[in-house]
Amino acid sequence: MELKSRDIYEILSDLAKRRGLFWPSYEIYGGVAGLYDFGPVGVLIKRNIIEEWLYWLVYSTGLVVEIETPIITPRIVLKASGHEDHFTDPITECTKCGRVFRADHVVEEQTGITVEGYSMSDIWKVMIENNVRCPECGGQLTKPQPALLLFKTEIGPYKGAPGYIRPEAAQGMFVSFKNVFTVVRNKLPLGIAQVGKVGRNEISPRQSLIRLREFTIMEFEFFFDPEKSYEEVMKYMDEELEEEELFVLTADEKSRGIDRASRYRTLELIEEKIVKNPWMALWMAKGNRFLREIGIPGDKIRFEEKLPWERAHYSEQTFDQQVYTRKFGWIEVAGYSYRTTYDLDRHIEFSRSDLSVFKRYKKPVEKLVRRAIPNPIKIRELAKDKMGKIMENISSMDQEALYQELMSKGYIEIDGVKLGREAFIIKEEKVKIHGEKFVPHVVEPSFGLERIFYALLEHALSLEKDRIVLKINPRIAPYQVAVFPLVAGSKPEHRKIVDIARSLYRALLKARIRAFYDEEGSIGRRYARADEIGIPFALTVDYQTLEDETITIRYRDTREQIRISIHEAYDKLLELLNYKGKFKLNFDKYP
RNA sequence: GCGGCGGUCGUCUAGCCUGGACUAGGACGCCGGCCCUCCAAGCCGGAGAUCCCGGGUUCAAAUCCCGGCCGCCGCACCA
């Protein structure tokens with residue numbers, strides 16, 4: 001049965017609450033916009049999505065390691081990252097039409113004056129002096145207010161240092177880059193991943209799980225040497241990845257008014273230079289595969305390149321990965337940003353730590369180094385009491401430039417004192433250079449877990465007559481199998497059937513299968529309950545089990561049943577689930 | 001944040017306009033019992049509602065008024 005777009009959201013919200021997927025947080029106190037609880041079933045599904053993500057994006061190449069860093073972040077870190085400045089945008093509101101604008105943008109548009117870094121009252125002054133009005137209706141604008149989308153907190157309960165809840169996990173990876181790099185014994189390329197909560201104090205969150213004030217991010221910063229990226233990417237590109245089909249809408253196409261994505265193979269993205277770095281293409285292909293694997297159809301996934309002004313402050317190129325939903329249309333579930341050296345550079349600047357890495361040349365390079373070394377005795381004669389200042393000056397000068405100037409002009413002049421060649425000892429020496437330091441480039445794939453969760457549910461949701469069936473991939477399903485007794489009555493044979501079903505259930509739990517047991521209501525009702533939360537298989541113990549130790553196994557999506565021996569239930573399940581393991585069913589305790 | 005509309009058991013809803021017999025009714029779901037050979041069957045019973053919150057008007061408020069919270073839609077914002 002075809003679902004109408006309007007119904008699907010209601011059906012899903014109803015199901016979510018009824019069966020324990022998710023619901024608004026703090027409901028008994030009226031709720032808070034943008035905050036959601038995950039229920040018992042939702043938590044299981046969510047964890048399975050994380051596992052799949054870890055497999056496809058983190059473990060499958062051996063290039064990425066996972067860390068965990070705090071969500072509470074000292075102010076300086078987000079100052080360095082540029083977030084604090086980005087979040088204190090001055091907002092002004094029109095008193096007539098109620099529209100809200102970035103005050104600095106309006107001022108710049110109407111006066112040409114750049115007010116970046118101005119205080120709120122200084123911007124206000126400029127606005128009054130230049131009679132800046134509402135660009136939409138010409139109405140009076142209010143004094144700008146800072147709109148900070150970072151959650152503020154204090155570190156330490158008494159006279160605490162200012163801090164924020166992190167708006168992205170990324171900064172933890174940049175700040176601890178050097179430690180991780182050392183742990184992996186100085187190897188590039190290196191990805192550092194993190195799965196965790198972040199907070200963004202959104203002005204008006206809506207659309208249930210799509211826009212949250214607190215959500216789970218799954219992302220990694222991938223550090224590499226840009227000069228080697230092509231050859232390195234080729235090393236990790238296998239046939240499957242090369243042939244992965246991606247739907248991409250480029251910025252160029254967007255500005256020409258095209259809104260349909262075209263199909264590319266991964267290799268074409270690299271060769272046609274659609275991506276500014278080959279690693280972007282590799283991770284986009286992996287991300288595409290991941291979403292397909294958990295159940296989003298390939299043609300419902302696309303990549304949209306962001307236009308320069310749509311990009312975050314740190315990004316050289318960004319592709320949003322979007323999934324089509326019936327309720328919200330195309331929603332962004334992941335972003336791939338080429339952050340270049342932006343973040344490391346900023347942390348080098350603010351922390352004064354050396355976050356560069358050493359690159360050894362294949363062969364050391366011999367270089368003739370010519371230096372002019374100051375001769376203190378001669379300089380004292382020439383400089384007299386200016387000696388100290390001159391020496392300080394010389395040591396801060398670039399060696400090569402000093403030498404060049406001295407040789408071409410015959411002297412250098414510092415603080416009014418001419419120093420000729422005789423004031424220096426000229427040295428020429430051959431130096432072996434074994435390598436150089438550089439700041440690695442970074443590509444960042446970043447996934448929003450709750451959005452993926454929502455998109456997945458929407459795609460999995462189907463109606464069979466008026467029954468809901470959540471057709472999710474068995475690997476994502478909250479439970480792998482349901483176990484039922486066909487009947488649960490009071491006759492002796494009913495008791496036997498129930499006992500066998502219960503022991504089967506317990507044996508499966510012990511074998512680390514996530515099993516679900518239910519004996520309430522009719523068998524049809526129990527199948528329906530299991531279908532609603534997406535349990536892919538159901539094992540039913542019936543009368544025939546008493547005779548020949550066989551049970552039925554039913555597949556959720558087709559309701560097909562086959563009869564198997566109860567002893568091979570585990571192996572059959574593993575086969576269906578594509579898992580491996582061991583299983584022992586102990587019948588002895590039950591009659 | 002602005003404007004419009006809305007908020008009654010877990011869910012969907014009746015009641016609100018026209019204040020009073022509303023101890024807030026129903027359906028589905030949930031729980032217990034009976035029944036029991038495969039897709040939400042039936043019968044019996046049960047639990048379950050701060051009528052979103054606070055204030056006001058009134059002899060009397062789910063109902064009228066004001067403020068707040070939350071939701072939906074539009075505008076704005078969105079790393």
Side-chain angles (χ1 to χ4, degrees), chain A residues 6 9-11 13-20 23-35 78 81-87 89 91-102 105 134 136-137 142 145 147 149-150 166-168 170-171 198 200-208 210-213 217 219 306 310-315 318 320 332 335 337 339 444 446 448 464-469 484-491 493-494 497-498 519-532 538 540-546 551-552 554 556 559-561 563:
Chain A
R6 196 159 298 173
Y9 183 73
E10 284 159 29
I11 292 167
S13 304
D14 170 36
L15 179 74
K17 192 164 184 181
R18 206 155 39 79
R19 293 294 182 210
W23 54 75
S25 297
Y26 308 111
E27 233 181 4
I28 64 165
Y29 288 104
V32 178
L35 300 179
L78 294 169
S81 70
H83 284 93
E84 195 185 56
D85 294 331
H86 253 256
F87 272 58
D89 288 340
I91 296 289
T92 182
E93 192 185 326
C94 176
T95 51
K96 200 171 140 197
C97 68
R99 287 188 174 86
V100 176
F101 306 94
R102 282 272 298 268
H105 288 183
C134 172
E136 289 296 321
C137 73
T142 61
Q145 297 284 320
L149 272 66
L150 291 171
R166 63 183 181 189
E168 60 171 12
Q171 296 311 319
V198 300
R200 299 178 182 185
N201 209 351
E202 299 284 354
I203 296 169
S204 85
R206 256 178 229 176
Q207 307 177 316
S208 86
I210 304 303
R211 187 99 165 274
L212 297 171
R213 286 204 165 110
I217 228 168
E219 68 185 1
K306 300 273 96 179
E310 295 173 330
R311 291 198 299 256
H313 58 284
Y314 49 70
S315 179
T318 298
D320 276 356
E332 181 197 337
S337 291
R339 296 178 82 134
E444 175 200 76
S446 174
E464 311 285 331
K465 299 215 172 93
D466 52 356
R467 275 167 60 159
I468 297 170
V469 182
F484 302 134
L486 178 66
V487 290
S490 49
K491 289 178 189 160
E493 61 268 35
H494 296 161
I497 286 170
V498 167
E519 61 180 48
E520 286 162 16
S522 69
I523 187 69
R525 175 172 296 236
R526 285 178 261 144
Y527 284 141
R529 279 198 280 248
D531 287 346
E532 277 194 340
T540 302
V541 175
D542 57 17
Y543 290 92
Q544 202 175 323
T545 313
L546 301 177
I551 55 174
T552 61
R554 167 191 182 268
R556 172 195 68 202
R559 301 191 192 179
E560 275 176 314
Q561 288 184 339
R563 186 162 282 277

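Chain naming here is simple, since letters A, B, ... match the order of the sequence lines and numbering starts at 1 in each. This structure is a prediction, so every number in the text was calculated from the model and none was measured.
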- [ ] Considering non-hydrogen atoms only, spot the tightest contact between A:S337 and A:T318 and give its length.
- [x] OG-OG1, 3.2 Å

TODO: Any strand is fair game: report the nucleotide pairing with B:rG25 by Watson-Crick or G-U wobble, both distances under 3.5 Å, or none.
DONE: B:rU13

Task: Residue pair A:H83 / A:Y314, side-chain donor-acceptor N/O under 3.5 Å - done: no

Open item on the list: Using every non-hydrogen atom in the two residues, find where A:L15 and A:I468 come nearest and quote the distance to one decimal.
Closed with: CD2-CG2, 4.2 Å

Open item on the list: Does any part of the side chain of A:L78, heavy atoms only, come nearer than 4.5 Å to the side chain of A:Q171, both counted from C-beta?
Closed with: yes

Open item on the list: Suppose you measure atom C1' in B:rA61 against the same atom in B:rU50; what distance do you get, rounded to whole Å?
Closed with: 15 Å

- [ ] Determine the contact category for A:F484: base if any of its heavy atoms lies under 4.0 Å from a base atom, sugar-phosphate if only primed atoms, P, OP1 or OP2 are that close, otherwise nothing.
- [x] nothing

- [ ] Write down the distance separating the P atoms in B:rG19 and B:rC64, rounded off to the nearest Å.
- [x] 10 Å

Open item on the list: If I take atom CD in residue A:E532 and atom C1' in nucleotide B:rU11, what distance separates them, rounded to the nearest angstrom?
Closed with: 12 Å

- [ ] Would you confirm whether A:S13, through its side chain, and A:Y9, through its main-chain N or O, come within 3.5 Å as a donor-acceptor pair?
- [x] yes

Task: Per-nucleotide protein contact string for nucleotides 68-73 of chain B, where B marks a base within reach and S marks sugar-phosphate only (heavy atoms under 4.0 Å, - for neither) - done: -SSSSB

Task: Whole-angstrom distance between B:rA41 and B:rG10, as gauged at atom C1' - done: 23 Å

Task: Pairing partner (Watson-Crick or G-U wobble, both distances under 3.5 angstrom) of B:rU58 - done: none

- [ ] Have a look at A:D531 and tell me which of A:R526, A:R467, A:R556, A:R525 forms a salt bridge (charged side-chain N to carboxylate O under 4.0 Å, His left out) with it.
- [x] A:R467

Task: Candidates B:rG10, B:rC78, B:rC30 - which lies nearest the side chain of A:R211 - done: B:rC78

- [ ] Assign a letter to each nucleotide of nucleotides 33-39 of chain B from its 5' end: B, base within under 4.0 Å of a protein heavy atom; S, sugar-phosphate only; -, no contact.
- [x] --SBBBB

Open item on the list: For a quick check, tell me whether the side chain of A:E464 and the base of B:rA40 share a donor-acceptor pair closer than 3.5 Å.
Closed with: no

TODO: Send over the distance from A:I28 CD1 to B:rA49 P, rounded to a whole Å.
DONE: 13 Å

TODO: Take atom CD1 of A:I468 and atom C1' of B:rU11, then tell me their distance rounded to the nearest Å.
DONE: 11 Å

- [ ] List for me each residue that meets salt bridge (Lys or Arg N to Asp or Glu O under 4.0 Å) alongside A:R563, sequence neighbours excluded, and say none if there are none.
- [x] A:D542

Open item on the list: What is the separation between atom CD on A:E27 and atom C1' on B:rU50, rounded to the nearest whole Å?
Closed with: 14 Å

TODO: Once you apply the 3.5 Å cut-off to both distances, tell me the Watson-Crick or G-U wobble partner of B:rG6, or none.
DONE: B:rC70

Task: Ion pair check, A:R18 and A:E532, cut-off under 4.0 Å - done: yes

Open item on the list: With a 3.5 Å limit on both atom pairs, tell me what B:rG19 is paired to, counting Watson-Crick and G-U wobble, or say none.
Closed with: none

- [ ] Tell me the partner of B:rU50, counting only Watson-Crick (N1-N3 plus N6-O4 or O6-N4) or G-U wobble (N1-O2 and O6-N3) with both under 3.5 Å; none if nothing fits.
- [x] none

Open item on the list: Any side-chain N or O of A:R19 below 4.0 angstrom from OP1/OP2 of B:rU11?
Closed with: no

Task: Spacing of the C1' atoms in B:rC31 and B:rU18 (rounded, Å) - done: 41 Å

Open item on the list: Whether A:R559 engages the ring of A:Y527 as a cation-pi pair (distance to the six-membered ring centre under 6.0 angstrom, angle to the ring normal within 45°) should be assessed.
Closed with: no

Open item on the list: Nearest 0.5 Å, please: how far is CG in A:L486 from OG1 in A:T545?
Closed with: 8.5 Å

TODO: Using both distances under 3.5 Å as the test, list the Watson-Crick or G-U wobble partner of B:rA41, or none.
DONE: none

TODO: Write down the distance between CG (A:N201) and P (B:rC78), rounded to a whole number of angstrom.
DONE: 15 Å

Task: Distance, rounded to the nearest Å, where A:R311 contributes CZ and B:rC78 contributes P - done: 16 Å

Task: Span that lies between the P atom of B:rC2 and that of B:rU8, in whole angstrom - done: 24 Å

TODO: Find the distance A:R18:CZ to B:rC31:P and express it as a whole number of Å.
DONE: 12 Å

TODO: Determine the Euclidean distance between corresponding P atoms of B:rU13 and B:rU57; express it in Å to zero decimal places.
DONE: 34 Å

Open item on the list: Between P on B:rC77 and CD1 on A:I210, what's the gap in Å once rounded to a whole number?
Closed with: 20 Å

- [ ] Using the P atom as the reference point in each nucleotide, state the distance between B:rG15 and B:rG25 in Å, no decimals.
- [x] 15 Å

TODO: Under a 3.5 Å limit for both distances, which nucleotide forms a Watson-Crick or G-U wobble pair with B:rC36, could you say?
DONE: none

Open item on the list: Tell me whether A:E168 is salt-bridged to A:R339, with the criterion being a basic N under 4.0 Å from an acidic carboxylate O.
Closed with: yes

Task: Pairwise P distance, B:rC72 and B:rU11 [rounded to whole Å] - done: 15 Å

